[in-house]
Amino acid sequence: MKQRVSAILREKLGREVILEKPRDRSFGHFATPIAFSLAKELRKSPMVIAQELASSFEDTAVFSSVESVKGYLNFRLSEDFLAEYASWALENPAEFGKQQKAQKILLEFVSANPTGPLHIGHARGAVYGDTLYRLAKHLGYDITAEYYVNDAGNQIDLLGLSIQLYARENILKEAVEYPESYYRGEYLETLAQGAIEKFGIEIFKDESCQKELAMWAKDEVMKIIVKDLGDTNIFFDTFVYESTLYEDWDRVMAKMGEGVYEKDGKVWIASEAKGDAKDRVVVREDGRPTYLAGDIVYHNQKFERGYDHYINIWGADHHGYIARVKAAVEYLGYDSTKLEVLLSQMVSLLKDGEPYKMSKRAGNVILMSDIVEEIGSDALRYIFASKKSDTALEFDLSEFKKQDSSNPIFYIQYAHARIKTLLAKAEVSQEDIAAATLKNLGEQADTLLFDALLLPEVIEDAFASRQIQKLPDYLKALAASLHKFYYDVRIIGTEDEAKLLKLLSVVALSLKTGLFLMGIEAKERMTKEDD
RNA sequence: GCGUCUGUGGCUCAACUGGAUAGAGUAUCGGACUUCGGAUCCGACGGUUAUAGGUUCGAAUCCUAUCAGGCGCACCA
């Protein structure tokens with residue numbers, strides 16, 4: 001709709017026009033403050049300009065009225081236009097809100113180390129990434145969801161060590177002395193038992209077996225991670241393993257050219273010259289690559305694969321890494337502005353009002369799977385999607401475990417289910433509903449219809465601004481309009497039944513599409529929790 | 001100390017990226033069903049947008065300073 005209006009304005013004025021939704025619906029469906037900016041150029045008052053523009057629109061079929069108020073230009077869409085659009089959407093439900101954006105995008109997210117199950121902090125980035133992915137797909141982007149698996153380096157060695165230590169203490173019943181850092185958690189029991197089946201109990205006795213154990217274990221952990229993600233409707237197109245990238249090492253280093261140099265027996269990247277705070281070590285004195293080394297080869301590989309745009313979602317604690325990775329990208333000869341790093345802020349937990357510190361190595365983490373079991377995937381996704389990703393999120397665990405009406409996901413799903421119930425009770429036929437024309441239904445119905453047809457704009461805006469919370473905000477507001485409408489207007493058995501059901505079908509389509517884009521199921525019927 | 005993100009009703013967040021009277025939810029209080037699902041609806045209370053300047057027709061939004069907080073500042077990932 002907005003596109004349509006924009007196009008008309010563009011043609012009329014020969015320029016791009018800012019179109020906004022007036023705060024107060026009585027002003028119309030869309031509005032523009034264009035007269036204010038034209039005032040300077042034309043040396044006329046905004047009121048006069050707006051008035052002149054308003055009167056020049058009278059012949060358009062799309063608008064029922066164009067008015068100037070205090071310098072604003074307010075547009076009201078015609079019933080014909082809205083009714084036609086609604087019919088089209090119901091006939092082509094899969095196309096509603098879709099577009100044909102041509103850009104090819106690589107979206108990398110989660111990328112948690114395969115050393116343990118995902119915790120609640122990972123979940124936020126996962127939800128953020130997957131929602132962006134769904135939005136982009138809907139908008140027609142050629143987007144790839146990618147998981148970068150850090151399966152090389154210290155943390156993998158540590159995983160092998162941790163399993164051995166765990167098994168020696170708990171299975172072999174030996175007295176073990178724990179080093180400063182190692183992983184803990186229930187999953188080690190699962191891994192240890194699996195290792196016995198795979199290798200036999202001997203694998204725990206020889207320290208030289210740690211490597212072999214680790215290489216097997218990290219794949220097992222990845223299976224757990226992929227399952228946890230799948231349980232919340234999050235899926236990846238591609239996985240890239242750090243361990244497979246190093247065969248390219250020499251070639252990539254050569255490609256870096258003057259970007260890398262040797263000093264004190266180490267290899268450094270000259271990132272300071274590209275805006276980083278200082279140069280960074282890429283290869284240590286003993287020849288082991290640092291974490292950054294993997295990212296350099298990985299990003300080279302990404303850019304060689306040739307996308308138009310790259311989005312990385314990182315935890316906010318990695319923001320110091322942006323400058324150095326971008327430096328590397330530039331030395332590799334690519335445009336670093338094509339790399340967009342989005343940060344997912346920390347999720348800080350409170351337990352009984354006290355900060356609850358999580359540490360993967362200490363094992364006192366809140367697992368994503370625990371929360372999903374507790375409140376369900378839908379609620380988890382809704383909660384994380386409804387907060388701006390770059391603000392810290394804080395909540396009390398006890399609060400989080402509550403399952404009551406304060407969770408808006410129920411409110412939205414209830415709205416959808418209500419419509420479905422009405423449709424099931426309809427006294428008119430499907431054909432009557434499809435054939436009905438959405439006109440002369442009164443102002444409240446017109447408003448509801450317009451609100452429901454606004455979804456495409458919300459999708460586009462949410463993705464363009466990378467602010468996915470706009471979608472849940474919109475759905476909540478639409479659900480509220482529906483509930484109010486339902487309360488005010490009797491539907492079944494009335495003269496306008498077919499029309500009204502058609503209107504509600506559009507609302508249902510909008511809710512269902514929006515929920516799908518959030519990875520949430522639109523329920524046909526609400527069932528009370530018994531326990 | 002340096003960098004970075006963030007400060008909006010008691011709490012959690014909006015405000016279309018500079019536009020019309022700063023809006024929702026929640027909490028609290030009060031009201032609405034012999035009616036299509038009350039997991040609903042209506043109303044009340046609640047704001048100097050952290051503070052002080054500045055930019056202009058117009059600022060929660062942009063600039064400067066100050067204050068407060070999160071996160072970074074590794075040859076760990």
Side-chain angles (χ1 to χ4, degrees), chain A residues 2 18-24 27 30-33 36-37 39-40 45-46 69-72 74 111-113 115 150 152-156 158 181 242 264-268 276-278 280-286 288-295 315-323 343 345-346 348 360-361 383 386-388 390-395 399 404-411 413-415 417-418 421-427 457-458 461 464-465 467 469-470 472-474 476-477 479-480 482-494 497 500 525-526 528-529:
Chain A
K2 192 171 178 176
I18 299 167
L19 213 52
E20 47 192 46
K21 236 177 73 192
R23 203 176 297 285
D24 189 336
F27 287 131
F30 290 105
T32 176
F36 291 99
S37 37
K40 273 183 203 157
S45 93
V69 180
K70 291 198 286 185
Y72 285 85
N74 297 334
S111 297
N113 292 340
T115 55
N150 283 107
N154 274 343
Q155 76 280 4
I156 295 298
L158 217 49
S181 55
E242 183 185 5
D264 305 333
K266 306 159 201 169
V267 179
W268 301 69
D276 195 8
K278 53 184 167 188
R280 311 284 172 175
V281 173
V282 177
V283 184
R284 302 178 181 90
E285 238 171 317
D286 61 8
R288 285 156 52 233
T290 63
Y291 179 71
L292 180 60
D295 260 324
D317 53 340
H318 284 61
H319 82 255
Y321 254 76
I322 299 175
L343 298 178
Q345 276 290 351
M346 305 284 97
S348 44
K360 209 172 191 178
R361 295 200 177 146
I383 290 165
S386 60
K387 315 282 179 194
K388 222 191 288 179
D390 61 355
T391 55
L393 176 60
E394 190 176 85
F395 55 81
E399 193 80 7
D404 57 24
S405 60
S406 69
N407 191 339
I409 188 64
F410 293 106
Y411 185 79
Q413 283 177 328
Y414 182 35
R418 267 189 152 167
T421 305
L422 284 178
L423 287 170
K425 288 186 176 173
E427 289 168 7
E457 276 88 42
V458 175
D461 184 28
S465 63
Q467 303 200 348
Q469 80 280 359
K470 291 177 184 220
D473 285 353
Y474 163 78
K476 194 166 68 179
L482 182 277
H483 285 308
K484 180 162 170 51
F485 189 81
Y486 178 92
Y487 188 85
D488 291 341
V489 181
R490 175 82 198 183
I491 293 160
I492 302 293
T494 65
E497 181 176 330
L500 290 169
R525 208 178 310 120
M526 300 302 282
K528 290 231 185 205
E529 296 291 327

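Hydrogens, waters and symmetry mates play no part in the numbers below; they use all other heavy atoms, side chains included. In the text below, chain A, chain B and the rest are named by the order of the sequence lines, each starting its count at 1.
Here OH of A/Tyr321 is found 8.0 Å from CZ of A/Arg280. Values are rounded to the nearest 0.5 Å.
Across all strands shown, B/U55 forms no Watson-Crick or G-U wobble pair with both distances under 3.5 Å. Base pairing of B/C73: its partner is B/G1, meeting the Watson-Crick or G-U wobble criterion (both donor-acceptor distances under 3.5 Å). Base pairing analysis places B/C36 opposite nothing; no Watson-Crick or G-U wobble pair with both distances below 3.5 Å involves it. The base-pairing partner of B/C67, taking Watson-Crick or G-U wobble contacts with both distances under 3.5 Å, is B/G7. Using the Watson-Crick or G-U wobble rule with both distances under 3.5 Å, B/G47 pairs with nothing in any strand shown.
Comparing A/Val283 and A/Phe27, the nucleotide of RNA chain B nearest to each residue sits closer to the 5' end for A/Phe27. If you find the closest nucleotide of RNA chain B to A/Leu422 and to A/Ala277, the one lying nearer the 5' end belongs to A/Leu422.
Between the C1' atom of B/A74 and the NZ atom of A/Lys278 lies a distance of 7 Å, rounded to the nearest Å. With rounding to whole Å, A/Phe30 atom CZ is found 17 Å from B/A20 atom P. Across the protein-nucleic acid pair, A/Gln469 atom CD and B/C16 atom C1' stand 12 Å apart, rounded to whole Å. Put simply, CZ on A/Phe485 is 14 Å from P on B/C42, counting in whole angstrom units. In this structure, the OH atom of A/Tyr321 is 20 Å from the P atom of B/C5, given to the nearest Å. Straight-line distance from the CD1 atom of A/Ile409 to the C1' atom of B/U26: 17 Å, rounded to whole Å. If you take NE2 of A/His319 and P of B/C73, they are 9 Å apart, rounded to a whole angstrom. Distance, A/Glu20 CD to B/G23 P: 15 Å, rounded to whole Å.
Using C1' as the reference atom, B/G7 and B/A52 are 16 Å apart when rounded to the nearest Å. Spacing of C1' atoms, B/A20 relative to B/C36, comes out at 39 Å, to the nearest Å. With both ends at atom C1', the span from B/G9 to B/G47 equals 5 Å, rounded to whole Å. Using atom C1' as the reference point in both B/A50 and B/C42, the two lie 35 Å apart (nearest Å). Atom name C1', nucleotides B/U26 and B/U21: the rounded distance is 24 Å, in whole Å. For the C1' atoms, the distance from B/G69 to B/U28 is 28 Å, rounded to whole Å. Look at the C1' atom in both B/U8 and B/G46: the space between them is 13 Å, to the nearest Å. A distance of about 24 Å separates the C1' atoms of B/U51 and B/U17, rounded to the whole Å.
The side-chain heavy atoms of A/Val267 and A/Val281, taken from C-beta on, include no pair separated by under 4.5 Å. Side chains of A/Val283 and A/Arg288 form no contact here, defined as non-hydrogen atoms less than 4.5 Å apart. The side-chain heavy atoms of A/Lys470 and A/Tyr474, taken from C-beta on, include no pair separated by under 4.5 Å.
Nearest nucleotide to the side chain of A/Tyr487, out of B/C41, B/A15, B/G38: B/C41. Side-chain proximity of A/His483 to B/G25, B/C41, B/C73: nearest is B/C41. The side chain of A/Met526 has B/A39 as its nearest neighbour among B/A39, B/C36, B/U17. You'll find that the side chain of A/Ser465 is closest to B/U17, out of B/A39, B/U17, B/C57. Distances from the side chain of A/Asp317 to the nucleotides B/C71, B/A74, B/C41 place B/C71 closest. For A/Phe36, whose side chain is taken as the heavy atoms from C-beta onward, the closest listed nucleotide among B/U12, B/G19, B/G38 is B/G19.
Residue A/Asn74 is classed as a base contact, given a heavy-atom separation below 4.0 Å to a base. The residue A/Lys21 sits close to a base: some heavy atom pair falls under 4.0 Å. When heavy atoms are screened at a 4.0 angstrom cut-off, A/Asp461 is found touching no nucleic acid atom at all. Using a 4.0 Å heavy-atom cutoff across all strands shown, A/Val489 reaches at least one base atom of the nucleic acid. Contact annotation for A/Ala31: base contact, defined as any heavy-atom pair under 4.0 Å involving a base atom. A/Gln467 comes within 4.0 angstrom of a nucleotide base, judged by non-hydrogen atoms across all strands. A/Thr421 comes within 4.0 angstrom of a nucleotide base, judged by non-hydrogen atoms across all strands. Backbone-only engagement by A/Ala316 is indicated by non-hydrogen atom pairs under 4.0 Å involving sugar-phosphate atoms exclusively. Nucleic acid contact for A/Arg288: none, since no nucleic acid atom lies under 4.0 Å from a heavy atom of the residue.
Judged by distance alone, the side chain of A/Gln155 and the main-chain N or O of A/Asn150 form a donor-acceptor pair under 3.5 Å. Using a distance-only test at 3.5 Å, with no hydrogens or angles considered, a donor-acceptor pair links the side chain of A/His483 to the main chain of A/Tyr411. In this structure a side-chain-to-backbone donor-acceptor pair under 3.5 Å is missing from A/Gln467 to A/Ala464. Between the side chain of A/Glu497 and the backbone N or O of A/Glu427 there is at least one donor-acceptor pair closer than 3.5 Å. At distances below 3.5 Å, not a single donor-acceptor pair connects side-chain atoms of A/Thr32 with backbone N or O atoms of A/Leu19.
A glycosidic torsion no more than 90° from 0 defines the syn conformation, and B/U17 adopts it.
In this model, the phosphate group of B/C41 is approached by a side-chain N or O of A/Tyr411 to a distance below 4.0 Å at OP1 or OP2. For A/Arg418 and B/A39, the shortest distance from a side-chain N or O to OP1 or OP2 is not below 4.0 Å.
With its ring centre under 5.5 Å from that of the base six-membered ring and a plane angle below 30°, A/Tyr72 counts as stacked on B/A20.
No donor-acceptor contact under 3.5 Å links the side chain of A/Asp473 to the base of B/A15.
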